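For reference, the structure discussed in these notes is given below.
Numbers here simply count residues along the sequence, with the first being 1. All values reported here derive from a predicted model rather than from experimental measurement.
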Amino acid sequence: MHVVVVESPAKAKTIKKYLGPGYEVLASFGHVRDLPPKDGSVRPDEDFAMTYEVDSKSAKRLSDIAKAVKGAENLFLATDPDREGEAISWHVLQVLQEKKAVKGVPVRRVVFNEITRSAVLDAMKHPRDLDMDLINAQQARRALDYLVGFTLSPVLWRKLPGARSAGRVQSVALRLICEREMEIEAFRAQEYWSIEVDCLTEAREPFAARLVQLDGRKLEKFDLAEQGSAEAAAGRIRAARFRVAEVQTKPARRFPFPPFTTSTLQQEASRKLGLSAKLTMQIAQRLYEGVDLGGETVGLITYMRTDGLQMAGEAVAAIRSVIAEDHGANYLPDAPRIYKSKQKNAQEAHEAIRPTDVRRRPEDLARYLDPTQLRLYELIWKRAVACQMEAARLERTSVEIVSEAGDIALRASGSVLLFPGFLRLYEEGRDDQPMAGDDEDARRLPRMAAGQGVGIERVRPEQHFTEPPPRYSEASLVKRLEELGIGRPSTYATILSVLQDRGYVRLENKRFTPEDSGRLVTAFLTLYFERFFAYDFTAGLEEQLDEITERRADWKQVLREFWLRFTRLDDHADLSRPDLPPVKEAIGELDRLIGQRGAVVAAIDEALGPHFFPAREDGKDPRACPSCAHGRLGIKLGKSGAFIGCSNYPDCRHTRPLGVAGEGDGATVTLDGPRLLGHDPESGLPVTLRGGRFGLYVQLGDEAEDGGKPKRASLPKDMPADAVTLEQALRLLALPRTVGIHPESGKEIIAGRGPYGAYLKYDGRYTRLASAEEAIEIGLNRAVTLIAEAAAKGPARRRGPEPLRELGAHPDDGQPVRLMSGRYGPYVTHDGVNATLPRDIVPENLDMTTALALLGERRAKGPVKKKAGGRTAKASRATAKAPAAKEPAAKATKAKTKAKKKPAKGRKRAGKPVDDVAA
């Protein structure tokens with residue numbers, strides 16, 4: 001028996017069918033071990049010794065593999081053909097060797113770029129040894145990510161409470177987003193005008209032209225800066241007579257785009273299909289690993305993590321054959337097109353992404369693929385075919401039109417598509433909308449000749465304003481990262497996901513906007529670690545990792561040089577020094593070099609001042625405290641994070657959430673001090689609307705002299721701050737209120753608001769209300785009806801989740817995959833694993849492919865840990881408080897004390913700093 005190890009069950013199932021009965025194919029389910037999230041996993045002072053740990057789920061799978069390997073004829077490691085796949089194979093082998101399971105068993109590595117019968121069988125005929133250069137490059141990447149995360153994150157937590165973490169590549173991508181936002185904030189729109197002219201030929205055929213010269217001088221963009229000058233120019237055009245001075249016609253060609261790499265696939269799937277980079281890769285993984293085509297499982301595309309543009313010769317020949325069959329010989333160039341990457345750091349170790357068999361046309365696979373799979377496959381298929389098609393041929397025409405006096409010139413441009421070529425099948429999308437005038441070449445012009453007269457039908461002065469640079473979309477950010485040489489094909493999707501998961505950015509209208517927490521972290525890193533999070537430095541490290549792969553650099557020397565520079569905050573540190581500080585010592589040294597928290601906050605406050613305190617239109621100081629006469633606002637730090645506070649604290653306690661005053665929703669809207677709404681008619685006390693750290697609230701009276709707090713009520717989220725009236729404020733302050741006496745029992749009914757929303761309280765039970773407004777307005781009759789309806793349903797019980805629909809059978813075990821409606825929103829479930837639907841996925845549009853991708857990701861994260869204070873924790877406390885009768889009293893007391901023991905003050909923050917990527 002031969003044993004073959006791959007990553008996923010789907011891949012194992014496909015390959016098993018190809019290899020037949022003499023082979024047992026097992027799945028490792030991805031990575032089997034990793035650096036544990038604790039100090040000492042990488043030890044620089046011990047020549048970068050690394051300690052790996054096998055997680056509980058992988059331990060069982062590895063035990064199954066070990067049992068299968070014992071007594072096997074051969075062990076074939078057939079993980080993915082990149083350095084991450086190479087590393088997985090190595091880790092599997094290391095664990096099997098520790099278990100002494102491979103003693104006497106030959107171990108070989110096999111790789112294939114596509115999962116088809118011919119490719120797999122050919123790979124099995126040509127096995128090789130593990131490539132330690134690929135493995136060491138992967139180890140170096142993980143060590144770098146660990147060292148940065150576990151050294152920098154504790155420093156970040158001390159200096160910026162509330163910050164999540166910092167990562168080697170993730171933080172550079174965050175810097176790109178934040179710097180783009182700064183460009184947008186600094187941008188000032190500039191007005192300019194253009195003149196569009198509707199013209200007629202002598203044959204009364206209409207066409208459009210624009211003003212390009214005035215008084216014999218070429219018109220620049222801002223020459224017509226305001227309406228007056230534009231109207232004056234328009235008047236001169238209306239009064240003049242025009243003729244055609246010159247007609248220029250030039251042939252042009254548009255060449256097809258190269259086949260997809262990982263980054264261009266992610267970009268185009270975002271533009272055309274609206275898919276995130278993460279979801280694109282998950283769907284592509286399914287297409288690569290295999291789809292059941294009527295009884296035969298076949299991989300439909302080649303390996304999807306690649307930066308190569310080349311395609312196998314037989315694949316190109318098959319594509320050319322399909323082009324001739326489907327479109328004719330005139331769509332086929334004389335020779336195959338050869339593409340080479342323009343990226344200087346492209347490894348080009350694998351083919352471009354293409355169909356494994358181009359004769360499997362998208363329409364032929366429609367009954368086997370779900371809609372999302374089919375759309376992505378169609379995109380890949382069309383791009384691969386189009387890249388070998390003939391160029392499009394156009395005829396571009398430019399007509400120069402001048403006034404009889406020669407002082408005014410107009411220009412009309414247009415083009416005619418003579419032969420569509422590859423455009424018949426495919427045209428690449430655009431990241432951003434074209435600017436005004438960019439589409440002039442698409443116009444079709446009537447036939448004209450020099451000397452012919454031109455009539456003016458209408459002159460249209462048009463106002464324009466310059467626009468700021470657009471925020472990054474997923475597509476444009478991936479493109480920018482690739483241009484800078486940051487990240488690699490397997491890392492882009494992870495980088496984007498980490499930024500969103502950590503709350504540093506948000507995706508609005510498919511564009512990234514930095515959160516204030518992200519801006520704080522970026523400001524801190526650029527102030528104190530600028531060199532190590534610079535674009536060229538990060539790209540240089542990526543190049544060094546590539547050099548390790550190519551055996552042109554030693555992986556431990558790369559780590560040594562980085563660590564010496566990083567721990568001394570000096571890019572020119574003495575690299576010959578023999579001492580390498582351990583991580584704990586490095587944390588202390590960095591903490592000392594950076595300085596006290598107060599100085600850090602002051603530096604960040606100065607750096608981010610233009611963002612949080614933009615100039616006011618009235619010329620007043622934007623930092624002036626609205627609550628006191630002399631204080632100035634600035635960034636402050638508390639236990640839960642940063643906020644805006646007054647410099648006169650504690651005399652002045654004015655605070656507001658971190659953010660720009662007046663922007664955002666109720667959570668970040670702030671006021672220039674308390675706003676008086678009126679006076680309470682009963683007590684005569686002032687009723688004010690105020691802003692606090694947790695949002696807006698109304699208050700009755702001022703601060704009490706005895707230090708007690710006046711009555712307050714938070715403002716409901718659906719109540720606009722600028723529309724709050726005295727009557728509404730008094731009603732909010734009156735909650736909880738007595739609605740009336742129940743007519744049957746004579747007991748009191750109370751309406752109020754709590755942490756879980758508005759409610760009715762009657763006879764010790766609660767009935768939920770729809771909104772705070774209902775708690776304010778509800779009358780006795782309505783309250784009695786709601787209470788009766790709730791009583792008819794029986795005592796409130798926690799209802800189980802409701803199934804919305806069944807998506808189908810899981811391809812691995814045949815068990816159903818269901819879409820459910822849960823307490824916290826929709827989710828998918830299979831075999832006890834639940835995966836929440838991301839906000840950008842509409843439940844009605846969910847298909848099996850997306851569901852499987854979400855479930856796979858959830859499984860990879862491991863089991864959900866119960867929070868302290870949950871059912872498990874309560875049970876343990878109950879046991880501790882009520883020991884068994886036969887237990888000695890001393891033991892019971894000890895158990896009770898241990899259960900109540902609180903964590904020591906100053907204990908280190910638990911949790912794992914973010915690693916940028918697993919690859």
Side-chain angles (χ1 to χ4, degrees), residues 192-256 330-331 389-425 427-428 430 433-464 466:
Y192 68 99
W193 289 71
S194 64
I195 309 293
E196 297 292 318
V197 184
D198 294 335
C199 305
L200 292 172
T201 65
E202 290 182 345
R204 305 296 294 173
E205 295 175 294
F207 67 96
R210 60 187 174 89
L211 177 64
V212 294
Q213 285 188 23
L214 194 62
D215 294 325
R217 186 174 64 86
K218 182 182 176 182
L219 207 62
E220 300 295 341
K221 184 174 185 177
F222 297 106
D223 283 349
L224 301 179
E226 38 82 30
Q227 186 175 5
S229 58
E231 291 291 356
R236 292 176 60 181
I237 294 172
R238 293 187 188 102
R241 295 172 64 87
F242 292 87
R243 60 177 175 80
V244 176
E246 183 182 11
V247 178
Q248 287 187 345
T249 300
K250 295 181 180 178
R253 303 181 78 190
R254 283 186 62 185
F255 292 94
N330 55 335
Y331 282 87
M389 292 178 73
E390 186 59 88
R393 293 195 298 274
L394 305 93
E395 183 179 79
R396 288 201 172 100
T397 302
S398 177
V399 180
E400 299 293 329
I401 303 163
V402 298
S403 63
E404 289 184 346
D407 57 339
I408 302 173
L410 311 177
R411 179 177 298 145
S413 300
S415 65
V416 176
L417 184 63
L418 303 177
F419 174 69
F422 76 96
L423 292 175
R424 181 174 180 177
L425 185 64
E427 185 165 6
E428 190 172 63
R430 302 179 66 156
Q433 292 296 321
M435 300 291 287
D438 283 0
D439 59 347
E440 284 184 356
D441 283 346
R443 300 172 182 170
R444 187 161 186 168
L445 297 177
R447 189 170 297 278
M448 288 178 274
Q452 290 182 342
V454 174
I456 304 299
E457 188 174 45
R458 186 183 174 199
V459 181
R460 294 177 285 113
E462 294 185 353
Q463 184 185 36
H464 309 278
T466 54

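Glu395 CD to Leu417 CG: the interatomic distance, rounded to the nearest 0.5 Å, is 11.0 Å. Rounding to the nearest 0.5 angstrom, the gap separating the CD1 atom in Ile195 from the CD atom in Glu231 is 7.5 Å. Put simply, CG on Asp407 and CZ on Arg236 are 5.0 Å apart, with the number rounded to the nearest 0.5 Å. Distance check, rounded to the nearest 0.5 Å: CD of Glu205 to CG of Leu445 gives 10.5 Å. The line from CG of Leu219 to CG of Leu224 is 4.5 Å long, rounded to the nearest 0.5 Å. Within the model, atoms OG1 of Thr466 and CZ of Phe222 stand 5.5 Å from one another, a figure rounded to the nearest 0.5 Å.
Taking both residues in full, the closest heavy atoms of Phe422 and Arg254 are given as CE2-O, 3.1 Å, listed atom of the first, atom of the second, then distance. Ala209 approaches Ile401 most closely through the heavy-atom pair CB-CD1, 4.4 Å. The shortest heavy-atom contact between Phe419 and Ala391 is CD2-O, 3.7 Å. Nearest heavy-atom pair, Ala245 versus Val402, reported as atom, atom and distance to 0.1 Å: CB-CG2, 3.9 Å. In plain terms, the two heavy atoms of Pro461 and Ala234 that are nearest each other are CG-CB, 3.8 Å. Contact record, Phe207 with Pro446: CB-CD, 3.7 Å, taken as the closest heavy-atom pair.
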- Task: Start with the C-alpha gap between Leu214 and Ile408, add the side-chain angles, then the distance that decides, and say whether side-chain contact (heavy atoms from CB on, under 4.5 Å) holds.
- Result: CA-CA 5 Å; Leu214 194 62; Ile408 302 173; 4.1 Å; yes
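Residues His464 and Ser194 are in side-chain contact: their nearest non-hydrogen atoms beyond the backbone lie under 4.5 Å apart. Between Val244 and Glu202 the shortest side-chain heavy-atom distance does not fall below 4.5 Å. At a threshold of 4.5 Å between non-hydrogen side-chain atoms, the residues Leu211 and Val197 do not count as touching. Between Val454 and Thr201 the shortest side-chain heavy-atom distance does not fall below 4.5 Å. Side-chain contact between Ser413 and Thr397: absent, with no pair of heavy atoms (C-beta onward) separated by less than 4.5 Å.
A salt bridge links Arg411 to Glu400: at least one charged side-chain nitrogen sits closer than 4.0 Å to a carboxylate oxygen. Salt-bridge formation is detected for the pair Glu390/Arg253: a Lys NZ or Arg NE/NH1/NH2 atom is positioned less than 4.0 Å from an Asp or Glu carboxylate oxygen.
Distance alone, capped at 3.5 Å, is enough to place a donor-acceptor pair between the Glu226 side chain and the Ser229 backbone.
Listed by first then second residue, pairs satisfying salt bridge (charged side-chain N to carboxylate O under 4.0 Å, His left out) with a partner in residues 450-463 read Asp198-Arg460, Arg460-Glu462, not counting sequence neighbours.
For the side chain to side chain donor-acceptor pair (under 3.5 Å) test, no residue two or more places apart in sequence or in another chain qualifies with Ser398.
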